[in-house]
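Here's the structure we're looking at; comments come further down.
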Amino acid sequence: MKYDFLAVEKKWQDKWEAEHVFEAQDNSDKPKFFGLVEFPYPSGAGMHVGHIKAYSGLEVVSRKRRMQGYNVLFPIGFDAFGLPTENSAIKFNTHPRILTDANIEKFTNQLKRVGFSFDWTRTIDTTDEKYYRWTQHIFLELFKNGLAYRDTALVNYCPHCKVVLSNEDSQGGKCDICHSDIVQKSKDVWYLRITKYADKLLEGLENVDYLPQVKQQQVNWIGKSTGAFVNFKVKGADETLRIYTTRPDTLFGVTFMVIAPEHPMLARCADKITNYAELEAYREECAKKTEFQRTQLNKDKTGVKIEGICGINPLNGKEIPIYVADYVMMGYGTGAIMAVPAHDERDYEFANKFGIDIIEVIKGGDIAKEAYTGDGEMVNSEFLNGFTNKKDSIKRMIEYLEEKGIGEEGVQYKMKDWAFNRQRYWGEPIPIVHCQHCGMVPVPEEELPLRLPDVKNFEPGEGGESPLAKIPEFVNCKCPVCGKDAKRETDTMPQWAGSSWYFLRYIDPNNDKCLADPEKLKYWMPVDWYNGGMEHVTRHMIYSRFWHKFLYDMGEVNTEEPYAKRTAQGLILGPDGEKMSKSRGNVIDPNEVVDQYGADVLRTYILFMGDYGAAAPWSESSIKGCKRFLDRVMDLVDIAKGNGVTEALVTKTHKLVKKVTLDIDDMKFNTAIASMMAYINDVYEVGSITKDELGILVRILCPFAPHICEEIWSLLGNNGLCSTAEWPEYDEAKTVDNTVEVAVQINGKVRGRVMLPLNCPKDEAIAEAKKVLAEAIEGKTIVKEIAVPNKIINIVVKP
RNA sequence: GCGGGCGUGGCGGAAUUGGCAGACGCGCCAGACUUAGGAUCUGGUGUUUUCCACGUGCAGGUUCAAGUCCUGUCGCCCGCACCA
């Protein structure tokens, strides 16, 4: 039966909207399901097939859960603050508000065209002042609790975008937005004290159902290590040099120390150091290197020895030279290390280059050749000699250090505090007032939202100051505490702010008293299933878990963790097998696919391509297979006659319902679709199907290809929508045939087949098998007979 | 270097977790229908000369039986990366 897919799809989309089919109910006795997908950044380019794949997984799960009687919250919104919009507003001489609204409208139309079952009544926009009012509220809570602070620090600065970036946004020394090389710059910036939650973020992972690689990446990102801080007296200056080490037990093997070029001790000891000029020159040289150069060229160690002062080993009083070298980073630990070249590869390399002694303290390797980093018996270490276990020797050394007051156990994290500001216009204004008398004062809650001023000119300043700094009406204000003249903070929040709590707002999007009603939170939270890209596992997910844990501590939310389960979809690659990109010209536009084949085909194909979690290339020809499949389903309308069951299809139908039901929950969408294809192949072979059976098929196909299923459902004469029909049940007993074909092997090779009744006893099965194999086993000695019920019979023979 | 993952036909990919490798789809071949076919339908399609034999990156091993488990090895992808 031919049908006009574009007209049919539009018809059902309108019907769903008119009948409020996908709207979540707030007061419901039904079990709830909160399915969350990462809301898009509404770029001018419009939707990408990657968006469709990212949403299709939970789209299918959500549609199925609704049919199974769940009250489903499956929302969508727009993460609309950000640099790309601001940059194109500057380029086209318009306002980011105008562009954002246009882009949101474009995305909305495109999403609706694909037939996603989002609850459009709960849509949020992070740039809406009714939304960012609450983002500002959370910032103020963080500030009042000492978790938002200003500090002068070396920051990652992008000279092209003119913004300070967090470590997460400048990985590999490249700006995450424009890919320029970033430079280190000293600046007074805002930080959020995420490190205070490092342990909670780590521990929380034990109680959530995340993909193993997601957990692993977060664990690595937090990067917890345990060890000790040790204080070294400095000879020739009134200084104590504090270091961090994970192997305090190797303290007797220390032959030099290294401090980072930016280490403050250098300046403090300037008058005691005899080669200070040389050290300054080296520091300048290092500052010129980008982070990229510093890490990529890591094989060749550089450094300069400090003359005039040296360290003292606190255990034995030995004098130890101190070097400045850029392989030690100011940003980790204390910016200073004790070097044990015998047992650390980097120290070993450095010692060889500078001709420094190497003292073995752990037996097991050949330190003449390379550093030995394995376990072994401690030597040359006085009271530690004879220890063979790393754990024990570290424990003993820490006890000793603490006893003598020269050091203590300590913990370090790779994760640093979150650089939380941008010097750009299109972001949430930070609601802080700088008062000469009162210091930094929070904007009173009742004055929120602190709105972005509506201005024509919002280009960033050359010196890296925010465009807001050039607007006197915004900057000048009265101090909320003392009432005297004061100035507003002009930095805005980074892109990640709005997305750090957005899922909460879906629960109560219009509340103007609090970010969401506690009763509603109690019903809906946590998010039952969150799906998104692997690229957001370390930034967005860690940031939002941090905010959520903070809000939990403040009593504003009721769960410790926001997301109960997290999965990730794989990329859709271009037809050439490469990552899709405009420059490569291999981008597939979902709109064109919908025009050509319809939304149902697009949805079905994207989920049929392969394992949902794996990357797979787009194929212009493979998609036709899905088109044919759906056409063949449509053609069944003409064949379907009568009610009840078709004898030849009974088992197949029950098997199919079981397979699709289980596969959807396992995200095995490709095999679910494959089994439906196989089923209709069987139907055509059998040559008949009842209306009841076709009704079952379209109900389980509905989450994938909802429009065509609605159409068939109504053609079959059903009242009501297929999308709200009951999910079919299967009878386990009817999923198996009462006879099974069993392969018969000799010495593990298939030599025949027998039809046996289900669960046929072993000896009977073997007897049957022998009949089939009579010729083959004649004259041979049977060594062993194996029969696995309903699966295989293997006769082992010798000639 | 560290962490995670992967390697199966011409292609995308299946395989109930140790039990008939290649489901399903694409492509291809042949045929049917047709004025026409980049439409539809039917049959075929791992390699090899039908039988035999050989086949899941490579080399071993365990087992009645290995894509699946073990040892070694090669290659690819992703994340982090001088983290002390």
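As a basis for the values below, the full set of heavy atoms in this structure was taken, side chains included, without hydrogen atoms, waters or symmetry mates. By convention in this document, chain letters (A, B, ...) are assigned in the order of the sequence lines, proteins followed by strands, and residues within each chain are numbered from 1.
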(message) Does any part of the side chain of A:Leu205, heavy atoms only, come nearer than 4.5 Å to the side chain of A:Arg545, both counted from C-beta?
(response)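 A side-chain contact exists here, since the closest heavy-atom pair is under 4.5 Å.
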(request) May I ask you to test the A:His263-A:Val328 pair for a side-chain heavy-atom distance under 4.5 Å? (result)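 Result no, sub-4.5 Å side-chain heavy-atom pair not found.
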(message) Under 4.0 Å between a side-chain nitrogen and a carboxylate oxygen: does that hold for A:Glu620 and A:Lys627?
(response)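 No, A:Glu620 and A:Lys627 are not salt-bridged.
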(message) Check this for me: does any side-chain nitrogen of one of A:Glu38 and A:Arg566 sit under 4.0 Å from a carboxylate oxygen of the other?
(response)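 Judged by the 4.0 Å cut-off on N to carboxylate O distance, A:Glu38 and A:Arg566 do form a salt bridge.
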Rounding to the closest angstrom, what is the interatomic distance between [N] and [M] at atom [atom1]?
N	M	atom1	result
B:C82	B:U71	P	31 Å
B:C58	B:G18	C1'	22 Å
B:C29	B:U68	P	35 Å
B:C78	B:U63	P	40 Å
B:A21	B:G60	C1'	22 Å
B:G61	B:U50	C1'	36 Å
B:G7	B:C52	C1'	31 Å
B:G37	B:G44	P	24 Å

Taking only N and O in the side chain of [X], is any of them less than 4.0 Å away from OP1 or OP2 of [N]?
X	N	value
A:Asn670	B:A14	yes
A:Lys791	B:G19	no
A:Tyr332	B:A84	yes

(request) Specify the residue among A:Ser225 and A:Asn220 whose closest nucleotide of RNA chain B lies further upstream toward the 5′ end. (result)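 Checking each residue's closest nucleotide, the 5'-ward one belongs to A:Asn220.
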(request) With RNA chain B as reference, determine whether A:Lys784 or A:Ala614 sits nearer its 5' end, using the nearest nucleotide of each. (result)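 Closer to the 5' end of RNA chain B: A:Ala614.
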Nearest to the [X] side chain among [options], which nucleotide is it?
X	options	value
A:Ile786	B:G13, B:G19, B:A84	B:G19
A:Gln216	B:G13, B:G4, B:G19	B:G4
A:Gln213	B:G12, B:C54, B:G4	B:G4

(request) Could you pull out all residues at least two apart from A:Asp595 that satisfy side chain to side chain donor-acceptor pair (under 3.5 Å)? (result)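 A:Asp595 satisfies side chain to side chain donor-acceptor pair (under 3.5 Å) with A:Arg113 once adjacent residues are dropped.
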(message) Syn if the chi torsion is within 90° of 0, anti otherwise; quick check, which is B:G9?
(response)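 Syn conformation here, the glycosidic angle of B:G9 being no more than 90° from 0.
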(message) Going by the glycosidic torsion and a 90 degree boundary from 0, is the base of B:U45 oriented syn or anti?
(response)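 What B:U45 shows is an anti base, its glycosidic angle lying more than 90° from 0.
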(message) For nucleotides 24-32 of chain B, give me one character per nucleotide, 5' to 3': B if any protein heavy atom sits under 4.0 Å from the base, S if the only such contacts are to the sugar-phosphate, - if neither.
(response) BBSS-----
Pair [X], [Y]: side-chain N/O donor-acceptor within cut-off below 3.5 Å:
X	Y	result
A:Tyr282	A:Thr302	yes
A:Tyr244	A:Ser225	yes
A:Asn790	A:Asn759	yes
A:Tyr612	A:Asp666	no
A:Thr653	A:Tyr679	yes

(request) Flag the pair A:Phe350 / A:Phe256 as yes when their ring centroid distance falls below 6.0 Å, and as no otherwise. (result)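 Distance test on ring centres: under 6.0 Å, yes.
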Rounding to an integer number of Å, can you tell me how far [X] [atom1] sits from [N] [atom2]?
X	N	atom1	atom2	value
A:Lys659	B:A14	NZ	P	11 Å
A:Phe629	B:A39	CZ	P	19 Å
A:Ile746	B:C52	CD1	C1'	15 Å
A:Phe232	B:A84	CZ	C1'	12 Å
A:Lys627	B:U40	NZ	C1'	13 Å
A:Gln217	B:G79	CD	P	8 Å
A:Glu685	B:G43	CD	P	7 Å
A:Ile222	B:C2	CD1	P	22 Å

Answer with base, sugar-phosphate or nothing: what part of the nucleic acid does [X] contact at a heavy-atom distance below 4.0 Å?
X	result
A:Pro617	sugar-phosphate
A:Ala336	nothing
A:Gln412	nothing
A:Val796	sugar-phosphate
A:Asp347	nothing

(request) Using ring pair (Phe, Tyr, Trp, His ring centres under 6.0 Å) as the criterion, list what pairs up with A:Tyr413, not counting sequence neighbours. (result)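 Partners of A:Tyr413 by the ring pair (Phe, Tyr, Trp, His ring centres under 6.0 Å) criterion come out as none, since no residue qualifies.
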(message) Show me the dot-bracket string of RNA chain B, counting Watson-Crick or G-U pairs under 3.5 Å, with | for pairs to another strand and [ ] for crossing ones.
(response) (((((((..(((......[....)))((((((.......))))))((.....))..(((((..]....))))))))))))....
(request) For residues 335-344 of chain A, pull every pair meeting salt bridge (Lys or Arg N to Asp or Glu O under 4.0 Å), keeping only residues two or more places apart or in separate chains. (result)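 Passing the test, one end in residues 335-344 of chain A: A:Asp344-A:Arg346.
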Could you run down the sub-3.5 Å N/O contacts of the protein with nucleotides 65-72 of chain B?
none

(message) If the test is side chain to side chain contact (heavy atoms under 4.5 Å, CB included), which one of A:Val736, A:Asp731, A:Asp737 qualifies with A:Lys734?
(response)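 With A:Lys734 as partner, side chain to side chain contact (heavy atoms under 4.5 Å, CB included) holds for just one option, A:Asp731.
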